[in-house]
Amino acid sequence: MAPLFSNKRGSNQRFDVNLSILFTELPLLERPAAAAAAGFTAVELWWPWIETPTPEQAELDALKKALDDAGTQLVGLNFYAGALPGPDRGALSIPGEESDRFRANIEVAAGFAASVGCKALNALYGNRVEGADPQVQDTLALENLVLAARAAHRVGAILLVETLNKPESPLYPLVSAPSAIEVIDKVNAATGLGNAKFLLDIYHLSMNGENVSEVIEAYADKTGHVQIADNPGRGAPGTGSLPLEDLLDQLTKDGYDGWVGLEYKAPDAAASFGWLPAEARAAN
């Protein structure tokens, strides 16, 4: 694949590889080295241990070693979010055991982030639950997000809140940029810390039919992380019809200078990066 993005791009944007959606044919501990072999020096992860919010210290240590040995910087990490990939879309708004699991994970995730220098922690909101009062769920969500924001602050990190898309996540309540921003504003008002930020996922916004350019213009100053995939198909840039280079240029113009996570699907991750010149993959 010929590069779609210009060779100068590496000077003004920083890309990272999401190791929970790319290189999944490899065991978790081999993925940082695979990303490094493809030329990337930064990676991100969903919560890697979907079966437990509190893995053994040995598992945390092994992941840290894999990141260090590969020379890759972890720049984004999800808090526990249930089975993801799978039917779940977070745990923090779900009363009972799942909320408890999220709370048990907060210090574990924040502590691991601190140990590897990760400065962004993403908290997926969670689905609506049949029979549960949405207002009760939203109250619980705010309580848990406040706890997460304070934990992130203690380790010098930001808290991310993400919009998903309704076609693929019909029970998820945050399916527009304004709905996520409303939650972010409430968290910041409750904590006074100002470290809750928007995770602007261009694929999800486009799937929701939002005007991505207008979202960027409105919320670039509240954006803490960006993720990209093309649409339709959630593939690499160039496999769909989104003007991704133009949208990233707009983000830069509007003041965003953070990470751009590659959160797309590819049957062969190593072969999927032809759209990005090799010299633009290593973070500056």
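Bear in mind the structure is a predicted one, so any value in this text is a computation, not a measurement.
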How long is the span from the NZ atom in Lys119 to the CH2 atom in Trp259, to the nearest 0.5 Å? 13.0 Å
Among the clusters formed by ILVMFWY side chains lying less than 4.5 Å apart, do Val215 and Leu160 turn up in the same one? no
When you measure from the side chain of Asn208 to the backbone N and O of Leu164, does any donor-acceptor pair fall under 3.5 Å? yes
Measure from the side-chain N and O atoms of Gln73 to the backbone N and O of Val116, and report whether any donor-acceptor pair falls under 3.5 Å. yes
Less than 4.5 Å apart, side chain to side chain, heavy atoms only: is that true for Trp275 and Leu262? yes
Run the side chain to side chain contact (heavy atoms under 4.5 Å, CB included) check on Leu174 and Val183 step by step: do they pass? CA-CA 9 Å; Leu174 306 185; Val183 170; 3.9 Å; yes
Whether the side chain of Ser169 engages the backbone of Tyr172 through a donor-acceptor N/O pair (distance < 3.5 Å, no angle test) should be reported. no
Closer than 3.5 angstrom, by distance alone: can the side chain of Ser241 be matched with the main-chain N or O of Asn231 as a donor-acceptor pair? yes
Between His204 and Lys166, is there a side-chain heavy-atom distance shorter than 4.5 Å? no
What is the ring orientation for Phe23 with Phe273, classed by angle as parallel under 30°, tilted 30 to 60°, or perpendicular over 60°? tilted
Salt bridge flag under 4.0 Å for residues Lys64 and Asp68: yes
Pairing donors with acceptors under 3.5 angstrom, does anything connect the side chains of Asn78 and Asn122? yes
When you measure from the side chain of Arg281 to the backbone of Leu276, do you find a donor-acceptor pair of N or O atoms at a distance under 3.5 Å? yes
May I ask you to decide if Ile158's main-chain N or O and Asn195's side chain share a donor-acceptor pair within less than 3.5 Å? no
Identify the two heavy atoms, one from Leu67 and one from Pro32, that lie closest to each other, and give their separation to 0.1 Å. CD2-CG, 3.9 Å
What one should report as the nearest heavy-atom pair of Pro170 and Pro167 is CD-O, 4.2 Å
No-hydrogen, no-angle side-chain donor-acceptor test under 3.5 Å, Gln227 and Glu44: yes
If you round to the nearest 0.5 Å, how far is OH of Tyr264 from CD1 of Ile21? 10.0 Å
Is the closest basic N to carboxylate O distance between Asp185 and Lys222 below 4.0 Å? yes
Can a donor-acceptor pair be found between the side chains of Ser176 and Glu210 at a distance below 3.5 Å? no
Carefully, step by step, assess Leu45 and Leu28 under the rule side chain to side chain contact (heavy atoms under 4.5 Å, CB included). CA-CA 10 Å; Leu45 280 164; Leu28 173 65; 3.9 Å; yes
Is a donor from one side chain sitting under 3.5 angstrom from an acceptor on the other, for Asn144 and Ser99? yes
Which heavy-atom pair separates Leu159 from Ala148 by the least distance, and what is that distance? CD1-CB, 3.9 Å
Under a 4.5 Å side-chain heavy-atom rule over Ile, Leu, Val, Met, Phe, Trp and Tyr, are Leu124 and Leu205 clustered together? yes
With side chain to side chain contact (heavy atoms under 4.5 Å, CB included) as the test, would you mind laying out the steps for Asp254 and Glu217 before giving the verdict? CA-CA 7 Å; Asp254 288 347; Glu217 183 177 3; 4.2 Å; yes
Kindly compute the distance separating OH (Tyr256) from CD (Gln250), expressed to the nearest 0.5 Å. 14.0 Å
Give a yes or no on whether a salt bridge exists between Glu98 and Arg103, defined as a side-chain N under 4.0 angstrom from a carboxylate O. no
Are the side chain of Asp88 and the backbone of Gly90 linked by a donor-acceptor contact shorter than 3.5 Å? no
Heavy-atom count check: over 12 atoms from other residues, nucleotides or ligands less than 6.0 Å from Glu130 CD? no
Is any side-chain heavy atom of Asp230 less than 4.5 Å from a side-chain heavy atom of Leu244? yes
Pair Gln137-Asp133, side-chain donor/acceptor within less than 3.5 Å: no
Mind checking whether Ile181 and Leu251 sit in one hydrophobic cluster, side chains of I, L, V, M, F, W, Y counted as touching below 4.5 Å? yes
Working to the nearest 0.5 angstrom, can you tell me the gap between Leu145 CG and Arg150 CZ? 12.0 Å
If we ignore hydrogens and angles and just use 3.5 Å, is the side chain of Thr223 paired with the main-chain N or O of Leu200 as donor and acceptor? no
Value for CZ (Phe112) from CG (Leu74), rounded to nearest 0.5 Å, stands at 6.0 Å
Cluster question for you: counting only ILVMFWY and a side-chain heavy-atom cut-off of under 4.5 Å, with indirect links fine, are Val108 and Leu147 together? yes
So, for Trp46 and Leu77, which heavy atoms are closest and what is the spacing to 0.1 Å? O-CD1, 4.0 Å
Of all heavy-atom pairs between Leu60 and Pro55, which one has the smallest distance, and what is that distance? CD2-CG, 3.9 Å
The single option from Leu19, Leu63, Val17 passing side chain to side chain contact (heavy atoms under 4.5 Å, CB included) against Arg31: Leu19
Look at the side chain of Asp201 and the backbone N and O of Ile228, then say whether any donor-acceptor pair between them is shorter than 3.5 Å. no
Got Tyr219 and Lys197 here, is their nearest side-chain heavy-atom distance under 4.5 Å? no
Quick check on the hydrophobic clustering: are Leu193 and Leu121 connected, directly or via other members, by side-chain heavy-atom contacts under 4.5 Å? no
Under 3.5 Å, is there a donor-acceptor pair between the Arg101 and Tyr80 side chains? yes
Smallest heavy-atom separation, Ser93 atom then Ala141 atom, equals CB-CB, 3.8 Å
Criterion side chain to side chain contact (heavy atoms under 4.5 Å, CB included) on Leu92 and Leu140, from CA distance to verdict: CA-CA 7 Å; Leu92 62 90; Leu140 177 62; over 6 Å; no
Scan side-chain atoms only and decide if Gln135 and Asp138 contain a donor-acceptor pair under the 3.5 Å cut-off. no
Between CD of Glu245 and CD of Gln13, what distance do you get to the nearest 0.5 Å? 8.5 Å
When you measure from the side chain of Trp47 to the backbone of Trp49, do you find a donor-acceptor pair of N or O atoms at a distance under 3.5 Å? yes
Indicate yes or no: at least one non-hydrogen side-chain atom of Val175 is less than 4.5 angstrom from one of Asn165. no
May I ask you to test the Pro53-Phe102 pair for a side-chain heavy-atom distance under 4.5 Å? no
